[in-house]
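Fair warning: this is a prediction, and the values are worked out from it, not measured in the lab. For the numbers below, each heavy atom of this structure counts, side chains included, while hydrogens, waters and symmetry mates do not.
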Amino acid sequence: MRASALLRVELGHGGRSVVRELRSQSPMTMVPRRAATTSADGTAVVHLVGSAATPVGGDVVDLHVHVGPGARLLLRGTAATVALPGQHSGHSRSTVHIEVADGGTVEYLPEATVISSRADHQAEMTIALGEGARARCRETLVLGRYGERSGRLATTTHVLRGGTPLLRQRLDIGDERLTASVGYLAGARVLATETVVWEHDPVVPSSGDWWSLAPLAAGGAMATAVGDDAVIAERRLAEAVSHHPDAKELEVRSW
């Protein structure tokens, strides 16, 4: 299966962000919130709905998001994604490309991705920010369904602002030798991360029980948490983000 989706948000009259273009197809369907119930600050809210089982081995799914100057977008998932093996050999692949113009804001908050046994999935996300643009991106990875080992996952994340790389990260999951190492994920089944490029950055790293918040060298910050299940990991991730200088605003925006 091959599928692609496109979302374009621009700043409209009265400072309210509006969806100017939306094209999606199964299994990746986008549903905008009605204007009458748009958030108080004028942010455009769009829900990402999985309308079919995906990704399955051999699937290729692409999402392109464009946020115009000064516009604000909250793109949320509605249910977990389960990566599954296909009938034939070959990996599945998903790509997310987000471009945010000067002064724009994007919040990409999908639900968890579960890497089922025998799955072989590749995921790539690229976020290109203009000057003064803001972004937060969350990722929760669950290593296998209940009682099973994780399949294979290779995920890469690239974040740039004004052409300067802020984050280039790759994570490989499913290698038995790595999984057995205490220094890898300490035996945890769930890894949750959130990359935040906002008004301010943490001056120094902070950490607690199984969570951390670290400033990035060229700007922005990354929160990381692990846990035995998604609820625990996401609770720890929220604790990490609560130590960010803009935590109060970020919490309010997590409606």
Seminar exercise, completed: Shortest non-hydrogen pair, Met30 vs Leu6, comes out as CE-O, 3.5 Å

Exercise. Under 3.5 Å, side chain of Glu148 to main-chain N/O of Arg145, donor-acceptor pair present?
Worked result: yes

Exercise. With a 4.5 Å heavy-atom cut-off, do Leu191 and Thr224 have their side chains touching?
Worked result: yes

For this session: Return the minimal non-hydrogen interatomic distance between Glu239 and Trp211, and the atom names on each side.
Result: CG-NE1, 3.4 Å

Exercise. Where do Ala233 and Ala225 come nearest, in terms of heavy atoms and distance?
Worked result: O-CB, 3.5 Å

For this session: Over all heavy atoms of both residues, which pair between Gly227 and Ala188 is shortest? Give the atoms and the distance, please.
Result: O-CB, 3.6 Å

Problem set entry | Shared hydrophobic cluster, Val60 / Val56 (ILVMFWY, side-chain heavy atoms < 4.5 Å) | no

Exercise. Between Leu250 and Val241, is any pair of side-chain heavy atoms under 4.5 Å apart?
Worked result: yes

Distance-only donor-acceptor hits, side chain of residues 162-171, under 3.5 Å, sequence neighbours excluded:
{"from": "Arg168", "atom 1": "NH1", "to": "His158", "atom 2": "ND1", "distance (Å)": "3.2"}
{"from": "Arg170", "atom 1": "NE", "to": "Asp172", "atom 2": "OD1", "distance (Å)": "3.4"}
{"from": "Arg170", "atom 1": "NE", "to": "Asp172", "atom 2": "OD2", "distance (Å)": "3.0"}
{"from": "Arg170", "atom 1": "NH2", "to": "Asp172", "atom 2": "OD1", "distance (Å)": "2.9"}

For this session: Look at the side-chain heavy atoms of Ile, Leu, Val, Met, Phe, Trp and Tyr, link any pair under 4.5 Å apart, and say whether Leu216 and Val197 land in one connected group.
Result: yes

Sequence neighbours excluded and cut-off under 3.5 Å, please list the side-chain donor-acceptor pairs for residues 200-208, or say none.
{"from": "His200", "atom 1": "ND1", "to": "Asp246", "atom 2": "OD1", "distance (Å)": "2.8"}
{"from": "Asp201", "atom 1": "OD1", "to": "Gly220", "atom 2": "N", "distance (Å)": "3.1"}
{"from": "Asp201", "atom 1": "OD2", "to": "Gly220", "atom 2": "N", "distance (Å)": "3.2"}

For this session: State, with a plain yes or no, whether a side-chain heavy atom of Leu48 is found less than 4.5 Å away from one of Met28.
Result: yes

Exercise. Any donor-acceptor pair under 3.5 Å linking the side chain of Glu194 with the backbone of Leu237?
Worked result: no

Exercise. Between Asp59 and Arg2, is any pair of side-chain heavy atoms under 4.5 Å apart?
Worked result: no

Exercise. Asp102 side chain to Glu131 main-chain N or O, any donor-acceptor pair under 3.5 Å?
Worked result: yes

Problem set entry | Pairwise side-chain contact, Val142 with Arg189, heavy-atom cut-off 4.5 Å (strictly under) | yes

Seminar exercise, completed: Sequence neighbours excluded, the answer for ring pair (Phe, Tyr, Trp, His ring centres under 6.0 Å) partners of His64 is His97

Exercise. Mind checking whether Ile127 and Cys137 have side chains closer than 4.5 Å, heavy atoms only?
Worked result: yes

For this session: Taking the side chain as every heavy atom from C-beta outward, state whether Leu75 and Val65 have any pair of such atoms under 4.5 Å apart.
Result: yes

Exercise. Roughly how far, to the nearest 0.5 Å, is OH of Tyr108 from OG1 of Thr195?
Worked result: 12.5 Å

Exercise. Stepwise, does the side chain to side chain contact (heavy atoms under 4.5 Å, CB included) test hold for Val18 with Val9?
Worked result: CA-CA 6 Å; Val18 295; Val9 175; over 6 Å; no

Problem set entry | Salt-bridge present (Arg8, Glu10; N to O < 4.0 Å) | no

Problem set entry | Straight-line distance of His66 NE2 to Leu73 CG, nearest 0.5 Å | 12.0 Å

Exercise. Under a single-linkage definition using a 4.5 Å side-chain heavy-atom cutoff for Ile, Leu, Val, Met, Phe, Trp and Tyr, are Val190 and Val82 assigned to the same hydrophobic cluster?
Worked result: yes

Exercise. What pair of heavy atoms forms the shortest contact from Ala223 to Ala240, and how long is it?
Worked result: CB-CB, 3.9 Å

Exercise. Side-chain donor-acceptor pair under 3.5 Å between Thr105 and Arg134, yes or no?
Worked result: yes

Exercise. Are the side chains of Thr95 and Met125 in touch, meaning some heavy atoms are under 4.5 Å apart?
Worked result: no

Exercise. So how far is it from Asp120 CG to Leu153 CG, rounded to the nearest 0.5 Å?
Worked result: 9.0 Å

For this session: Please assess Arg236 against Glu234 for the test salt bridge (charged side-chain N to carboxylate O under 4.0 Å, His left out), listing each intermediate value before the final yes or no.
Result: CA-CA 5 Å; Arg236 290 170 176 169; Glu234 290 176 353; over 6 Å; no

Exercise. To the nearest 0.5 Å, what is the distance between CG (Leu185) and OG (Ser150)?
Worked result: 10.0 Å

Exercise. Hey, are His121 and Ser92 close enough side-chain-wise for a donor-acceptor pair under 3.5 Å?
Worked result: yes

Problem set entry | salt bridge (charged side-chain N to carboxylate O under 4.0 Å, His left out) between Glu124 and Arg93, worked out | CA-CA 8 Å; Glu124 178 181 328; Arg93 180 175 176 81; 2.9 Å; yes

For this session: Identify the heavy atoms of Arg152 and Gly174 that sit nearest to each other, and give their distance.
Result: NH1-O, 3.9 Å

For this session: Evaluate side chain to side chain contact (heavy atoms under 4.5 Å, CB included) for Thr126 paired with Val159, printing each intermediate quantity in order.
Result: CA-CA 6 Å; Thr126 301; Val159 182; over 6 Å; no

Exercise. Would Val67 end up clustered with Leu7 when hydrophobic side chains under 4.5 Å apart are linked, directly or stepwise?
Worked result: yes

Exercise. Are the side chain of Glu111 and the backbone N or O of Thr78 linked by a donor-acceptor pair below 3.5 Å?
Worked result: no

For this session: Please check if Leu11 and Val46 belong to a single hydrophobic cluster, counting links between Ile, Leu, Val, Met, Phe, Trp and Tyr side chain heavy atoms closer than 4.5 Å.
Result: no

Exercise. Does the Arg20 side chain pair with the main chain of Gly12, one donor and one acceptor, at a distance under 3.5 Å?
Worked result: no

Exercise. Which is it for Thr43 and Ser17 under the side chain to side chain contact (heavy atoms under 4.5 Å, CB included) test, yes or no, and what are the steps along the way?
Worked result: CA-CA 6 Å; Thr43 297; Ser17 299; 5.9 Å; no

